[in-house]
Amino acid sequence: MQEIAEIKSIEAGPESDAAARSMLYRYLAGWLRFPWEDFHKSALGGELAPAASECLAALPYEVEGAAELIELFSVVESDYDLFQSDYVGLFDVGAGGPPCPLYGGNWIGDRQKTMEEVLRFYRFFGLSLSKEERDLPDHVTTQLEFLHFLSFKEVEAIRESADVGSYRRAARDFVARHPARWLPRAQQKLEKKQAPDFWRGLIGLAAAYCQADAAYLVSTEGPVAK
Amino acid sequence: MKKLDRRTFLQASSLGALSLGLGRLAFTLFPGAPTGAEALAAGEPAAAGAATDAVGRARGQQPYWDWRDIYREKWTWDRVVRGTHTNANCVSSCAWNLYVKDELVWREEQASSYEEGSLDCPDFNPRGCQKGACASALFEGPTRLSYPLERIGERGGGRWKRVSWQQALDKTAEALIDAVEAQGGHGLIAEIGPETGYGPNSAAPTRFFKMLGSPITDSMAMIGDVAFGGTMTLGTPHTDGSSDDWFRSKYLVMWAFNPLSTRIPDAHFLTEARYGGTRVVSIAPDYNPTSIRADMWLNPKQGSDAALALAAVQVIISEGLHDRAYIAEQTDLPLLVRRDNGRFLRESDLREGGNEEVFYAWDPARSREVRAPGGRGSADESLSWGAVSPALEGQWRVRAADGKVLEVETVFSKLKRRLDADYSPEQAAGITGLNPQTIRRFAREFAAADSALILSQYGSCKHYHSDLLQRSQILLASVTGNLGRAGGGWRSGAFVTMEGMAVMSMKKDLGLFDLVLLAAQSYFRDPEDNIAEFSEYFVPSGLWHYVHGGLEAESSRADYGDPMLVDGPGPYVREALEGNWFPVQTEKTPTFLLSVLGNVLRHSRNAGRLREHLWPKLDMVVSIDFRMSQTATQSDIVLPAAGWYEKVGFKYIPSMIPYLTLGDRAVPPSGDSKPEWEIFHLLSSAVARRARERGVGVYSDYLSRERDLKQLDAAYSDDGRFGPGDEEKLVEFVLMVSSCAKGIDLERLRKSGNERLVSLGQVGGTNGIFSDYSSKEPVVPLRWFAEKKQPYPTLTGRQQFYIDHRWFLKLDEALPRYKEPPAAGGDYPLVMSGGHTRWSIHAIWRDHELMLRLQRGEPAVLVGAADARERAVKDYERVRVYNDVSDFTARAKIVPGLPPGLVIVYHAWEPFQFENGRSHQHVAPSPIKVTQLAADYGHLAWSFAHYEPGQVDRDTRVEIARLV
Ligand code: SF4
């Protein structure tokens, strides 16, 4: 992924806490995109588990079950066609729709309302969807990238002694109202379908992480408004 | 997991001393975003120190406290675009405003943009249905296809991989070339389904296959939408007016037509007409949503409607309520028929070398036969009898060319004898289950009304004896003088022609047209030539699949069809094929099938047979679609088509709605999907390139014309005049060449959304309107005949109720009559009927969550209370529905509005929505009807959507059993 902004020499402490959170969101967003061949190579080369572990280890909280989930996504189908076809069949297409679409609105219920809300979040922070890498606003990748963005901004704000709270509260609300709400249900669906370990592991980790991050932010920023 | 401390994390990081990058996101800054927009938009990394301002919120922007803050900003739209649902075959046309934000259509709102027509009628504003109101959700929903896919593993196994367009097109091109190399134009078959519109993307597939010279299935009869009774009687199966004309009717008969469910945007004309004093009658075996709003509901037994119509005619004629002058002028009822052989008296009977297509009536004034004006062999261009007042009834003698004396009588005499013998209200009551007094009342009211209108539409086409039913309905409208009258007649559905569509579909040289527009207009002077040319390369779909799809096995069974055909229809099919009456060759079966928004494995009756029989012979099946249809699930390659809001075109123009409606591109295509024009452009280039690389190309096409694959790209693009992205240019072209849109351009349509038609376009084909047009009046079909006395496009030049083809005579169907529906599928006690549903347009929306929520959400078989009780079936229980052909499983829905003996499965569930993948279509054997094969007779000749065997399902017999 091309960098569009960079903060060098992260310092241990709040900066690295937020940086770890940011990086994990970024990894997960990238890993849950459609898996092109270079991603498959990275997965086969065992690059995912250490990257995830590094971030997890540096988080200011534990993510329950993370080790087992990492184990799961260390099991990678070696044939690229089969590997990507698992993704396509689980998340992208199928008769009557895929079993586990990666769009939050499909799980939360009112799709349009969900899309509107996430878009409002993005716009509050000056963002709109890119025309090139266009996916719908409630896609898992878009949602996790937004969380990556918020936590990146949090690091910036720490460094500049600016307002950190806005980013943390926004992240709390966004993660709690969106991915932490629907990803666990997607994970359950994959369990039920006995989906391949790799994808169960990745979605499982995303779900567990979003839930843990939501709990962490609630513990520091207070509860999500009713 | 071992917990690292923060220092270890930083050191363990691959960057050594960690730096955090903000990845290039799926986001951009929206226009006018606070700061730093340039850096992000350019994708440039921002310097570390400046990062705070590089992206996202500006300093000083209001803080975020909780999620309610995001709702404080007023929601605004980036733009509002005019749109519609171009490829939904809903027999409608509705203008919508599409609300766009962030390159997404979020909602659509009905546009009240319909210019007022007649001041005496309600206007068309606004139009729409609940499906259209959630089309944006459909196109953003989980069923949407956005990337090219290639099958992995077994066909139909459900495993797909995403491939690039290049890969998909190369594979498709390769297989296409293989098929052409092996069998020329016979190697391919195109399934262009009925989900079509007007505009470049609808013309594209037809153009592609016509340039290839390979067959395209004409699916209209196969889906059961050709009103053969119209073909036989009026010379057109497609005749209709505008729906505001319903308002002018004094007696509105919804016959096997349920517009409250299936023509939602037009149904208001019905209720408004009622407020205006119109009497509304619903004729349907079930108490449906339209019956609820009728003044009278007649519920003849399923399939017995012809007996009702004929009994009404019997009452009208026997009570002298018929319109004698109209009948004499407009119909064949005064024509003479030989009593020895049942054939019309022809000039060839009366003199050596006489014309076979000149017919006679009896002139009582001169006591001799007189030539009837208007027949195909007649020089008269008017139906007017002049000074002659032909006899309607009687028997006479005439001398034949060989000196023999021939006894003759009028068609009217024959008809009256038949009616009096077989169709008294009491006799019809025995057939239909209606009270004879109700039949009399219906007949008298119909005859007494200033204008009586039978809206028949497509439901009545799906019976085995649909032709007999429709001929009987038309007879009722005709003997009362209603055809061609404002607010009166018989209407089946018609489409206004856009000549530009035909040109784009079949003429290579498009670019020249603007230079020789005058020539182009003169080109359209002969409708018959145009229809003939347009029909080239189309093949009658039902018959084609009978031969190549294996449907013959059930469709030809004698015990599933008319018992008068002891050997079944097989010998007749053979004769029709051997006589080349239809362009279906039997020798070679294609190995390459390309389906464009077609879904033959869903819509074909007995679709299971097709899958078993045809599919294994196909080396390559390619589907172009925006959703995973049943046919797409059984394909090798799936190419994603752009959605309706993602490309430019027009809604087709049912005559019911005389407006041209723009479907504009509101947003870019989703993912990698592409408009059809572009897809076929790319495919033609890929084929031509590979053909050049392989050094192959020249072949003989389906009509034995020489073609060259290497030139396909040039032919498709008109020598490069139209590029893959030239949709708009082509839209302008279609507008320019189409008479109904004279003076209307894209810019104007973009402002208005829709425009009242300038004309009704050229008649013929699916345009059986035959009337002059005024933008200030409702459209009434057939006025050229009724008012200008122009001959009808039939053999006799008149409304032809008597068909003296030898097969019709043999089957005793020369006149309209009632015949008992066959036991299609075996001798089972229940008849399974169908009908369009309120919740989908064919299979589109059939699997959409929002629509499924409004019903039971899964396939249901509607069962009457008595039948359910008899079988101990309770509501919502799973039942097996079966007959000799196949079986399927669905939930029982117990409904009080169904008569005993009838069950209904509403339209268009995809097989994959059923347990075991077998749908209600799988049990329908669709027996073939011989009277739809007699294409060696006058106006009963094959052409596109005109005359060919149709598929039917309303006579399917089944039994149901509760599943434990
Ligand atoms: S789907 Fe058809 S009937 Fe419904 S709103 Fe769209 S154009 Fe009108």
Side-chain angles (χ1 to χ4, degrees), chain A residues 1-10 12 16 19-20 22 26 34 54 56-58 66-67 81 84-85 88-89 93-98 101 106 111-112 119-131 133 135-136 141-142 145 149 152-153 155-156 160 163 166 169-170 173 177 225, chain B residues 1 3-4 6-7 9-10 12-13 17-30 33-34 40 43-46 48 51-52 54-57 63-71 73 102-103 106-107 137 140-143 145 149 152 158-162 628 633 847 910 912-913:
Chain A
M1 195 190 284
Q2 189 188 346
E3 308 294 346
I4 54 173
E6 200 173 5
I7 305 168
K8 292 218 159 71
S9 308
I10 299 291
S16 65
S22 189
R26 178 175 166 171
F34 175 76
E54 274 177 26
L56 282 162
D81 281 352
Q84 67 127 308
S85 109
V88 170
V93 298
N106 290 134
R111 180 89 196 276
Q112 298 269 327
L119 200 80
R120 281 180 176 278
F121 267 107
Y122 307 152
R123 289 179 81 93
F124 189 92
F125 287 91
L127 303 173
S128 63
L129 295 176
S130 151
K131 285 194 178 125
E133 297 204 31
D135 208 329
L136 295 172
T141 292
T142 320
E145 278 197 353
F149 165 81
F152 177 91
K153 296 297 288 180
V155 179
E156 272 186 350
E160 300 208 336
D163 166 31
S166 280
R169 288 189 292 273
D173 290 354
R177 287 172 70 84
Chain B
M1 185 188 306
K3 178 99 178 110
L4 303 178
R6 288 166 178 161
R7 178 168 303 281
F9 166 62
L10 296 178
S13 151
L18 181 76
S19 51
L20 178 66
L22 179 63
R24 182 155 176 71
L25 303 166
F27 298 104
T28 183
L29 291 190
F30 64 81
L40 188 75
E44 289 163 8
T52 307
V55 287
R57 299 172 67 237
Y64 175 99
W65 294 105
D66 66 49
W67 60 269
R68 286 168 296 199
D69 290 335
I70 62 171
Y71 283 95
E73 190 190 329
D102 268 29
E103 299 307 318
W106 288 78
R107 63 184 292 264
E140 287 150 15
T143 57
L145 295 171
L149 299 168
I152 288 192
R159 290 209 76 156
W160 300 94
K161 64 174 179 175
R162 197 189 279 190
M628 194 49 101
T633 65
D847 50 2
E910 295 271 18
F912 63 69
Q913 293 179 285

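Just so it is clear: chains get the letters A, B, ... in the order the sequence lines come, proteins before strands, and each one is counted from 1.
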Legend entry - Sequence-distant partners of R107(B), side chain to side chain contact (heavy atoms under 4.5 Å, CB included), two or more places apart: W77(B), Y99(B), E109(B)
Inset, instruction - Using the test side-chain hydrogen bond (donor to acceptor under 3.5 Å, both in side chains), find all partners of D69(B) that sit at least two apart in sequence or belong to another chain. - result: R72(B)
Inset, instruction - Examine whether an atom of R169(A) lies under 4.5 Å from a heavy atom of chain B, and if so say whether it belongs to the side chain, the backbone or both; otherwise answer neither. - result: both
Legend entry - Y64(B) and F125(A) aromatic ring geometry - parallel, tilted or perpendicular at 30°/60° bounds: tilted
Inset, instruction - Between chain B and each of S85(A), P98(A), G97(A), count heavy-atom pairs under 4.5 Å; write down the option with the most. - result: S85(A)
Inset, instruction - Name the option with the most non-hydrogen atom pairs under 4.5 Å to chain B; the candidates are G89(A), G96(A), G94(A). - result: G96(A)
Inset, instruction - Would you mind telling me which of Q913(B), K161(B), E910(B) has the largest number of heavy-atom pairs within less than 4.5 Å of chain A? - result: K161(B)
Inset, instruction - Let me see the working for M628(B) and L149(B) under side chain to side chain contact (heavy atoms under 4.5 Å, CB included), right down to the final yes or no. - result: CA-CA 11 Å; M628(B) 194 49 101; L149(B) 299 168; 4.0 Å; yes
